[in-house]
Structures are given as structure tokens and as C-alpha cells.
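All heavy atoms count here, side chains included; hydrogens, waters and symmetry mates do not. In what follows, residues are counted from 1 in the order of the sequence shown. Order of appearance sets the numbers: ligands from 1, and atoms from 1 within every ligand.
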Amino acid sequence: METVQTQATIAALLQETRRFPPPPEFTARANVQDPGVYEEAERDFEGFWARHAESELEWFRKWDRVLEWDVPWAKWFVGGQTNVCYNCVDRHVKGRRRTKAALVWEGEPGDSRVLTYLDLHREVQRFANALKQLGVQKGDRVTIYMGMVPELPIAMLACARIGAPHSVVFGGFSADALAGRIQDAQAKVLVTQDGAWRRGQVVPLKHFADQALESCPSVEKVVVLRRAGNEVAMKPGRDEWWHELEAGAPATCPAEPLDSEHPLYILYTSGTTGKPKGVLHTTAGYLLGVHMTTKWVFDLKDEDVYWCTADIGWVTGHSYIVYGPLSNGATSVMYEGAPDWPDKDRYWRIVEKYRVNVLYTSPTFIRTAMKWGPEYPRRCDLSSLRLLGTVGEPINPEAWMWYHENIGGGRCPIVDTWWQTETGMILITPLPGITTTKPGSATLPFPGIAADIVDEQGNSLPPNTGGYLVLTRPWPAMLRTFWGDPERYVQVYWSRFPGKYFTGDGARRDEDGYFWIQGRVDDVVNVAGHRLSNIEIESTLVAHPAVAEAATIGRSHPEKGQAVSAFVVLRAGYAPSEQLKHELREWVAQKISPIARPDDVFFCADLPKTRSAKIMRRLLRDIAEGRALGDTTTLTDPAVVEQIKQRYVEEGKEEA
Ligand code: WT7
């Protein structure tokens, strides 16, 4: 758990006065137009969820009780039976959506595939039968280690169909990371592919899987999809080709009726600290949560083309590429490769090619696109876009404005969605037809969700006072436990504030009740007794025209306790200089306060990020303190931090 800070509050420094009410023509067509939904859900939150569970999902057996809440153990729709795959596929095949595109897939080399709901139904049934033939039974775990290919959601849905919990491991993880996750889940089958395309190169997934499997005796069978065509070793008796298995599998496989609380999947969080934890999500509540949020937050219409740019290896992809969109019968775009391959306009080319209407991406990507410059989106026709979303980190107000203007053409509402792997579904978010947005705020809890900001003792704090973000009532898609480690579940989320779920995030609420997320509570600097939020200092730096990205940290300081150090990536067209350093320091002093003025500004080409695109401030802290670097295994590119370290040391010598 994070180190406990002694002061209860985090100073709130950013003042944002821009307001964006929903455009009237958007509201007129929006799925939710009546602000009364909040009050209605508040009056009886169980009734609210139950009504939608009844009208939006299909059940094999109706539930007896909506919620059993024995803090911190939740059971939703107790006694009910349903099947997530049935709701995502079969029900659409019964009606007019059967020939509608379910998945529109773009391969990195430029190939593409469209799978209708009927195609998906056929593929999923065959693969479910293939898994059964390999001995997979209800309750057995299946680890999936693949790139972004259509067979990844097919494998997930096949698992859901037969009640075998899946554990998807991001294709960018190493053999060691994969092995640890397989061992923890005690998976019986591994599904992988020969290789995955990334920036024109083949990442040899099967080769990594072979290394991992040396220490994974639980795995009896391995299914290998041929994608990149690279040479692989097939171990007789253990390894099977996907296409051969499918050819021999029967065509029909009915969806298994499963209890509401049957495990759907395990997903390991790759937090910035500590060993990964297997977050467990179950069937009915999870499905309802992602279904409703997809429908209301992304405002999906039957004719929409929707694209979430995340990797399915993360929860964002699970909930908002696969389960939420498919449950709604939507058309969901999937892209296999890198955003700058073959050029930095690839995402915009995809938007143009498929006429994407709703785009959901990350602040990190938006800042990267800012750094590359607006000429890339300008090359493409983005006029199909009508709604934009972000997730993963607080979005700096200037990045929000850039997204709004350069991608949304000034006409698209932006939904800044706060949630976590653990929450399963979006929890704090605008509803685009009714919420007036403020750049940098995730705005309000979704109807039926109760959030609060509390101090160290768990007391609710007044407006504009920073504190800890907690959730004060259960929600349908919440994690149920850590796989195999219930004590740790209790300790991490439920022990700090009894009866309240501790998110690990710092936040404040403004006078309108809007939430402003300040980042993880361990991401704060303490300057002369003032707890400053790194994200707010970073946002101020990013608001300077020369800056694309910034990371700040607290470095020990003899007088102040900590001093702010800033690591800054410049936008295209700006060069590092002593003058610019000075200007940035004064900029922060002026915009926030002299207390927040960075003692030093260091220019770098890139920032160290985890594979889920979070800045690893811990490593920058190690560099600034002259310590050996801590664990770097979760980094996207460990070379980035080595480069920074080397140049940091050299610059220090020059200055001395
Ligand atoms: C943490 C969860 C949820 C899917 C992707 C990340 C941060 C997420 C926002 C947002 C500010 C955000 C929080 C949260 N976060 N969305 N809109 N505004 N912060 O999932 O890896 O489980 O990370 O991401 O710090 O706790 P995750």
C-alpha cells in the first residue's frame, strides 16, 4: 500500500474556468437527455440497476435478490443465471443485427477484416468446442497471450460461453511476466499466436510463451494462431494450431447458463508498485455495468462506428472494445499496431477510412499527438467524429483543448472517464447529452454511483479541499476479490476507511460537485509542508506553448523537505535552452505559486511509462536522487530511462 502522508489534504492549485455545455443538436439525439436519471438512481440504486438488468440484458433465470452486501463482499443478482457471450453475440444474431459488422479490424500492415455478428457467432462456437476438446471445463482458467487480432476477442467470448474464466496477458509483456500470471491463475490452456506485428517488426509471442511455459506445469495444451507467419517450434502433444483445431471442431455450442457470480475473468493489474494482483470480475453485474456505461457515456447508436484505441490486454479493452460494445450490438473497431506506423497519422487514417463516429483514447496518446503536431490530423477527414473520450490519467486542460479543437473540430463533446481495473466500469464521467464539461474534470459519478472525498480520518471534506477519493456504496461491476488472495483484497481497498472503497487516488470536488482527480496519492510532492499534486504542476507546464509532456517529482531538499524537479518533453519546433528553463520555472511560479516553482527543469526526448501508459515518477525520483534504478520490468521501453539517467548525470557534471 502507498505510504501514508501525514497531512490530510492536497492543495488544490489549478483554476479552470472554461465551460462546455453539450451542443443542443447533440442533446436532441442523445441516449440520455433527462438529468432526472441521477435523482431517480439516487432514490433507489438497487432498483435502478435492477430495472436496467431486466430491460437491457437477457437471462436464463431471473435473480432472487438484486444485491447481497456483506462489506466488503458483494453479490449482485443473486440466484440469476445468464451468459455474457450469449448477450454479446447470440441475441444479436436472432434479429436484424445478424449481418451488422461487430468487429472491424485493421491490421498493422494494412490488411483488414470485418466480422458480422453472424461471423462472430460461428467463430466463437467453433472455438468454444475446440477448447472443450482440449479438456477445458467450466471453471478452468485459460490464459490468452495475443496481439490485437480478432481471434483475441473470439477466444475471450468462447471462454465466457463455456464458463472458463480467462486471463488475458498483454502481448507486450515478457516471458517472466507471463509465467507469473499463468502460475498465479494455474491456467490449464494457453492461447497465443506465432508473432504479432509492431512497427513493422514481428514480436515472437510463441517464442516468449515457450520460455514462460518452462516454469508453468499447470498448462496442458497450447493453441497457436498463425498470424505473422514467423517460424515457431511446435511441441508435439502440447501445441495445436488454431486453424487445425477449428477445422475439426463441431459447429454448434450452446451458451452455458451461468450463475450471476460465476467468474468471468481475472486481469492482473500492472500498478506502478508491487507484485501484480489478479483482479476478479464476475458475470452479471460486470455485464450490466459495462453495458449501461457504454450505452450512456458513449451514446452509441445502431449506425455508429465506435473505436477504442486501447489494447485488449488492459481493462479498457476488455470493457470497452469487447464486452460493453458487443453487448450493445455496436460496431467496434480494433487496430493491431502502433500509432506511428507507417506514419504519425495512422490513427487519423483509420478514423477517415472507417468513418469513426466515437473515439475513445488516452491522455498520453493525445499529448504524444500534440508533440507530433497538428499537421498529422489535418491530413485526414475527421468530420465523421461526433463524440470523443479519454481514460487512464487526468487529462491536462491544455491537452483537452487540443483534442477538442484539433480532433473534434470544436464540435464534439469530450467524456473524460475515471475508473480502474478494479471498478470494471466507468464510474465518474460526463453524460454527453446533459453534462456541461470543464477541461480536466471527469465531472460527476455515473447515476447510481456514490463517491466522496475524505480526509485521513475518513471524514467527508468540503468543496475545493483535496483528499482521498472513496466509493461509498457497491456497484455492479466492482471487483469481487483478488484471485487466490482475499486478505489482500480486504487490506488494499477496505481497511483504510471502514465500509468505504479506497481508490488510491487523490481528488477534490469543486463548488458544483465536479470531481478533479489529482492522481495516485503517492504521486504528490511535499514542498515546505504543502502537498502539491504532481498532475497540477504538470498540467501547468503542458499549458506552456513549448511543452508537450511533463513529469514532476519531489526530490529531497535540505530546507523544503522536497523540491520540485520537472522532466519536460518539448513540442516539435522548440529547442532546449537555459532561457526556456528559466521561462518554464517562472511560468509555474506565476500560474500556480512560487512554492510549486521547479528547482530544476530537465529536457528529455521521452518519459518512462508503464505499458499501461502511466508515467513512472518513481524512476525519475531514483534518477534525481542519484539512486540505483528500481524495478523497470513494467516499462514500455527501458532504454528511455537509461538515456535520461545518463544525460541527467552528465548535465549535473557540467553544471558543477
Ligand atoms: C487509475 C486506474 C480505467 C482504465 C485504464 C486505467 C487513473 C484512470 C482517469 C481519469 C484521472 C484517471 C487513476 C486510476 N485514471 N482514468 N479519467 N482521470 N485519472 O486503469 O491501470 O487500473 O488505472 O488510472 O489514477 O486510479 P488502471
Side-chain angles (χ1 to χ4, degrees), residues 1-2 10 14 16 168 170 267-274 276-279 281 289-290 293-294 297 308-324 360-367 388-397 399-400 403 414-430 435 437-446 451 466 468-471 475 477-479 482 492-493 501-508 514-524 533-536 538-539 609-617 634 636:
M1 199 155 193
E2 295 78 19
I10 303 170
L14 270 190
E16 175 57 59
V168 178
F170 173 54
L267 184 58
Y268 290 87
T269 58
S270 59
T272 38
T273 47
K277 303 160 278 207
V279 166
H281 285 294
V290 299
T293 46
T294 302
V297 176
C308 165
T309 67
D311 192 289
I312 294 176
W314 311 118
V315 75
T316 308
H318 282 60
S319 297
Y320 297 109
I321 296 177
V322 184
Y323 293 119
Y360 190 32
T361 191
S362 64
T364 304
F365 172 69
I366 296 163
R367 288 192 306 263
L388 303 174
T390 71
V391 61
E393 283 170 280
I395 181 164
N396 323 94
W400 196 104
Y403 193 32
I414 296 180
V415 287
D416 171 356
T417 63
W418 177 90
W419 58 297
Q420 308 177 301
T421 304
E422 295 88 336
T423 70
M425 63 190 271
I426 293 169
L427 292 189
I428 302 181
T429 177
T435 312
T437 53
K438 306 181 186 183
S441 170
T443 74
L444 300 167
F446 191 82
Y468 302 102
L469 177 64
V470 295
L471 301 164
W475 64 99
M478 65 192 279
L479 82 164
F482 286 140
V492 172
Y493 304 107
Y501 171 92
F502 176 51
T503 63
D505 283 351
R508 72 180 162 93
Y514 279 38
F515 286 76
W516 297 78
I517 312 296
Q518 297 171 313
R520 307 293 300 169
V521 289
D522 49 1
D523 281 343
V524 294
S533 142
N534 281 310
I535 183 70
E536 290 185 325
E538 290 161 3
S539 287
K609 287 180 202 136
T610 63
R611 292 169 192 275
S612 53
K614 299 212 192 316
I615 297 171
M616 289 232 340
R617 296 187 185 78
T634 57
T636 320

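Within the 4.0 Å heavy-atom criterion, the part of Val315 lying near ligand 1 is the side chain and not the backbone. When heavy-atom distances to ligand 1 are checked against a 4.0 Å cut-off, Ile517 comes that close only through its side chain, counted from C-beta outward.
Residue Gly392 holds the heavy atom nearest to atom 7 (C) of ligand 1 of all those in Pro394, Gly392, Ala507.
Under the 3.5 Å distance criterion, with hydrogens and angles disregarded, a donor-acceptor pair is assigned to the side chains of Tyr360 and Thr417. Looking at Tyr323 and Thr294, their side chains never bring a donor and an acceptor atom within 3.5 Å of each other.
A salt bridge does not link Glu538 with Arg367: none of the charged nitrogens is closer than 4.0 Å to a carboxylate oxygen.
Within ligand 1, the atoms closer than 4.0 Å to a non-hydrogen atom of Arg520 are 25 (O), 26 (O), numbered from 1 in the order shown. Listed by number with element, the atoms of ligand 1 under 4.0 angstrom from any heavy atom of Thr421 are 20 (O), 21 (O), 22 (O), 27 (P). Every atom of ligand 1 with a heavy atom of Thr417 under 4.0 Å away is listed here by number and element: 9 (C), 10 (C), 16 (N), 17 (N). Heavy-atom proximity to Thr316, at under 4.0 Å, picks out these atoms of ligand 1: 4 (C), 5 (C).
Put simply, part of Asp416 is less than 4.0 Å from ligand 1, judged by heavy atoms.
In terms of polar-atom proximity, Gln420 is counted as a contact of ligand 1, with an N or O under 3.5 Å from an N or O of the ligand.
Ring pair Trp419/Phe446: centre-to-centre distance not below 6.0 Å.
Every residue was checked against the ring-ring contact (aromatic ring centres under 6.0 Å, His included) condition with Trp418, not counting sequence neighbours, and none meets it. For the ring-ring contact (aromatic ring centres under 6.0 Å, His included) test, residues two or more places apart in sequence or in another chain that qualify with Phe482 are Tyr493.
Counting only heavy atoms from C-beta outward, the side chains of Asp416 and Thr443 never approach each other to under 4.5 Å.
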